[in-house]
Amino acid sequence: MKHVLWFDDNKFEAFEADAYDENIDITQAPTLQRGLDLLKQNDVHYDLMLFDANYVTRYGQASSMMLTNTIHKCCEAAGKDVPWLVFTAGAGFDGADSLDNAIPTMPWHEDLALPLWYSKQKRSDAAQLLIDIHKVIDYMDSPYRQIKNKYPDIFKLFHPDYGSILDKKNEKDIVDLIQILEDPSEHNQASHLTTVRAFLEGPLTESLVRYQIVEPNLSLNEVTYQFKNWDLQEMGVHRYIQISFDYMVRCTQDASHSGKHVTKDKLPPQVRAGIQSGTMPYLVPNIIHTLLSFLTWYLDFIQQQNSTFAHNQ
């Protein structure tokens with residue numbers, strides 16, 4: 001049974017009954033103080049908080065500041081990482097401060113592609129909310145979220161606030177590689193290097209082209225050759241970064257030393273044999289670590305480039 005604390009001063013018995021049928025036990029807090037008291041008690045762990053946007057005031061117009069402050073108070077009182085969603089009629093917000101703008105966007109909204117709020121006036125919204133409550137609670141305990149919290153700088157590359165340096169659709173590729181990194185039983189699988197190579201050839205090269213670091217329509221070998229160009233050092237691409245990129249390609253693609261076309265997904269035979277025989281037990285995690293180091297540098301590099309460009313305008 002999932003436990004949800006609902007901040008709302010209006011009873012919605014049909015919704016509570018439907019929730020119970022979906023293995024969700026709802027405790028309603030008719031006042032903010034009652035809700036805060038319940039959060040501080042240790043007899044029940046609440047898996048999620050549910051807010052009525054208009055609950056923040058009984059009189060006059062609600063505002064984004066009032067809603068944000070209420071959510072913040074409740075999160076502090078919970079003393080732990082408890083997610084929340086908004087279930088409201090939507091009325092009571094003035095035109096200058098719309099409900100969409102009032103609700104802070106949280107990681108679960110973005111990663112699960114959830115709406116910012118659910119309408120009490122739509123039965124379909126109430127039904128979807130019950131589904132999404134389970135999704136959010138499961139998300140909070142998922143390896144996906146734990147990895148994103150552990151490596152925050154890496155995932156800034158995919159976030160719009162940092163310019164979406166890498167495409168959001170490829171975020172899971174990095175999550176999967178980090179999961180491999182953190183599971184020693186996967187370190188002897190040579191096929192994981194093919195996954196690294198696909199990331200280098202696909203989303204990373206697309207980004208390098210978009211930021212005019214390398215030219216478009218090049219093979220990965222040609223990208224590697226161009227990335228080693230001395231002119232890039234004048235842009236701030238350090239020599240060790242150039243070497244790191246070359247190292248990743250050489251370990252993940254056969255004939256990477258040549259400019260000719262090579263068969264995709266073909267690893268260097270010596271590398272594959274070394275991993276399978278156990279004589280290269282640390283190569284897979286080392287390559288993934290090198291990629292994460294490169295991406296951490298890349299975030300800083302692009303931010304500096306954007307800052308310089310803005311300064312010169």
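Computation of the quantities below employed the complete heavy-atom set of this structure, encompassing side-chain atoms and omitting hydrogens, waters and symmetry-equivalent molecules. Owing to the predicted nature of the structure, the values given are computational and were not obtained by experimental measurement.
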Student: Indicate whether any N or O donor in one side chain lies under 3.5 Å from an N or O acceptor in the other, for Tyr298 and Ser207.
Tutor: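 Present: a donor and an acceptor within the cut-off.
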
Student: Going by the side chain to side chain donor-acceptor pair (under 3.5 Å) test, which pairs reach into residues 166-178, not counting sequence neighbours?
Tutor: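 Listed once each, the pairs are Asp111-Lys168, Tyr144-Glu171, Lys148-Glu171, Lys168-Glu171, Asn170-Asp173, Lys172-Asp176.
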
Student: Roughly how far apart are Thr195 OG1 and Ile180 CD1, rounded to 0.5 Å?
Tutor: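 That separation rounds to 5.5 Å.
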
Student: Measuring from Ile154:CD1 to Thr296:OG1, what's the distance to the nearest 0.5 Å?
Tutor: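 Between Ile154 CD1 and Thr296 OG1, I get 3.5 Å after rounding to 0.5 Å.
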
Student: Would Arg197 and Glu201 pass as an ion pair if we require N to O under 4.0 Å?
Tutor: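 A salt bridge links Arg197 with Glu201.
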
Student: Looking at Asp254 and Pro268, would you say the former's side chain and the latter's main chain have a donor-acceptor pair under 3.5 Å?
Tutor: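 Side chain of Asp254 to backbone of Pro268, a donor-acceptor pair under 3.5 Å: no, none is there.
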
Student: If you round to the nearest 0.5 Å, how far is CG of Leu181 from NE2 of His289?
Tutor: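 The distance works out to 4.0 Å.
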
Student: Just say parallel, tilted or perpendicular for the rings of His159 and Tyr162, cut-offs at 30° and 60°.
Tutor: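 Perpendicular, since the angle between the ring planes exceeds 60°.
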
Student: What pairs with Asp37 under salt bridge (charged side-chain N to carboxylate O under 4.0 Å, His left out), at least two apart in sequence or on another chain?
Tutor: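 In terms of salt bridge (charged side-chain N to carboxylate O under 4.0 Å, His left out), with neighbours along the sequence ignored, Asp37 is linked to no residue.
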
Student: Would you call Lys2-Asp25 a salt bridge at under 4.0 Å N-O?
Tutor: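 Salt bridge flag = no for Asp25 with Lys2.
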
Student: Using side chain to side chain contact (heavy atoms under 4.5 Å, CB included), reason through Val136 and Leu48 one step at a time and then give a plain yes or no.
Tutor: CA-CA 8 Å; Val136 172; Leu48 183 139; 3.8 Å; yes

Student: Give the cluster check for Val4 versus Tyr139: same hydrophobic cluster or not, with ILVMFWY residues linked at side-chain heavy-atom distances below 4.5 Å.
Tutor: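 Yes; Tyr139 is reachable from Val4 via cluster members.
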
Student: What pair of heavy atoms forms the shortest contact from Leu204 to Phe294, and how long is it?
Tutor: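 Looking at all heavy atoms of both residues, the shortest contact is CD2-CE2, 3.7 Å.
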
Student: Strictly distance-based, threshold 3.5 Å: is any side-chain N or O of Arg210 a donor or acceptor partner for the main-chain N or O of Ile165?
Tutor: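 It does hold such a pair.
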
Student: Do Ser219 and Asn221 have a side chain donor and acceptor closer than 3.5 Å?
Tutor: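 No.
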
Student: Does the side chain of Gln253 reach to within under 4.5 Å of the side chain of Leu267, using non-hydrogen atoms?
Tutor: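 Result no, sub-4.5 Å side-chain heavy-atom pair not found.
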
Student: If I take atom CG from residue Leu166 and atom CZ from residue Phe158, how far apart are they, to the nearest 0.5 angstrom?
Tutor: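 The CG atom of Leu166 sits 4.5 Å away from the CZ atom of Phe158.
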
Student: Using the ring pair (Phe, Tyr, Trp, His ring centres under 6.0 Å) criterion, which residues pair with Tyr240? Sequence neighbours excluded.
Tutor: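 Counting only residues at least two positions away or on another chain, Tyr240 forms a ring pair (Phe, Tyr, Trp, His ring centres under 6.0 Å) with His238.
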
Student: Decide, yes or no, whether a salt bridge links Lys150 with Glu182 under the criterion of side-chain N to carboxylate O below 4.0 Å.
Tutor: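 Yes, this pair counts.
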
Student: Please confirm whether Phe51 and Phe87 have ring centers closer than 6.0 angstrom.
Tutor: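 Not under 6.0 Å, so no.
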
Student: Could you check whether Asp52 pairs with Lys120 (Lys NZ or Arg NE/NH1/NH2 to Asp/Glu carboxylate O, under 4.0 Å)?
Tutor: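 Counted as a salt bridge, because a side-chain N and a carboxylate O are separated by less than 4.0 Å.
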
Student: Only one of Tyr46, Trp84, Phe15 passes ring-ring contact (aromatic ring centres under 6.0 Å, His included) with Trp6; say which it is.
Tutor: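 For Trp6, the ring-ring contact (aromatic ring centres under 6.0 Å, His included) check succeeds only for Phe15.
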
Student: Could you please spell out the steps behind the side-chain hydrogen bond (donor to acceptor under 3.5 Å, both in side chains) verdict for Glu22 and His134?
Tutor: CA-CA 9 Å; Glu22 295 298 328; His134 281 289; 5.3 Å; no

Student: Between Ser277 and Gly274, is there a donor-acceptor pair closer than 3.5 Å when you use the side chain of the first and the backbone of the second?
Tutor: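 Pair found, side chain donor or acceptor close to backbone of Gly274.
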
Student: Could you give the distance from CG (Leu85) to CD1 (Ile137), rounded to the nearest 0.5 Å?
Tutor: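 Here the interatomic distance stands at 9.0 Å.
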
Student: Could you work out, with ring pair (Phe, Tyr, Trp, His ring centres under 6.0 Å) as the rule, every residue matching Tyr151, not counting sequence neighbours?
Tutor: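 Ring pair (Phe, Tyr, Trp, His ring centres under 6.0 Å) check on Tyr151 returns nothing, list empty.
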
Student: Under 3.5 Å, is there a donor on one side chain and an acceptor on the other for Asn286 and Tyr247?
Tutor: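 Asn286 vs Tyr247: donor-acceptor pair found between side chains.
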
Student: Where do Cys74 and Leu39 come nearest, in terms of heavy atoms and distance?
Tutor: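 Minimum heavy-atom contact is O-CD1, 3.3 Å.
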
Student: For Lys40, give me all partners under salt bridge (charged side-chain N to carboxylate O under 4.0 Å, His left out), at least two apart in sequence or on another chain.
Tutor: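 Lys40: no salt bridge (charged side-chain N to carboxylate O under 4.0 Å, His left out) contacts found.
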
Student: Classify the side-chain pair Gln304/Asp300 by whether it contains a donor and acceptor separated by less than 3.5 Å.
Tutor: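 Side chains of Gln304 and Asp300: pair found under 3.5 Å.
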
Student: Under 3.5 Å, is there a donor-acceptor pair linking the side chains of Gln233 and Gln242?
Tutor: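 Note: Gln233 and Gln242 side chains meet the donor-acceptor criterion.
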
Student: Walk me through it: do Lys135 and Trp108 pass the test side chain to side chain contact (heavy atoms under 4.5 Å, CB included)?
Tutor: CA-CA 9 Å; Lys135 283 184 180 179; Trp108 50 87; over 6 Å; no

Student: Below 6.0 angstrom between ring centroids: does that apply to Trp117 and His109?
Tutor: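 Trp117 vs His109: aromatic centres not under 6.0 Å.
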
Student: Walk me through it: do Thr252 and Thr194 pass the test side chain to side chain contact (heavy atoms under 4.5 Å, CB included)?
Tutor: CA-CA 6 Å; Thr252 59; Thr194 302; over 6 Å; no

Student: Quick check: do Pro203 and Phe199 have side-chain heavy atoms less than 4.5 Å from each other?
Tutor: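 Contact flag for Pro203/Phe199 side chains = yes.
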
Student: When you compare the side chains of Tyr118 and Asp132, does any donor N or O come within less than 3.5 Å of an acceptor on the partner?
Tutor: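 A donor-acceptor contact under 3.5 Å links the two side chains.
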
Student: Output the distance between atom CG (Asn229) and atom OG1 (Thr224), rounded to the nearest 0.5 Å.
Tutor: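 Here the interatomic distance stands at 13.0 Å.
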
Student: May I ask you to list the residues sharing a hydrophobic cluster with Ile243, side-chain cutoff 4.5 Å, ordered by chain and number?
Tutor: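 Besides Ile243, the cluster holds no residue at all.
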
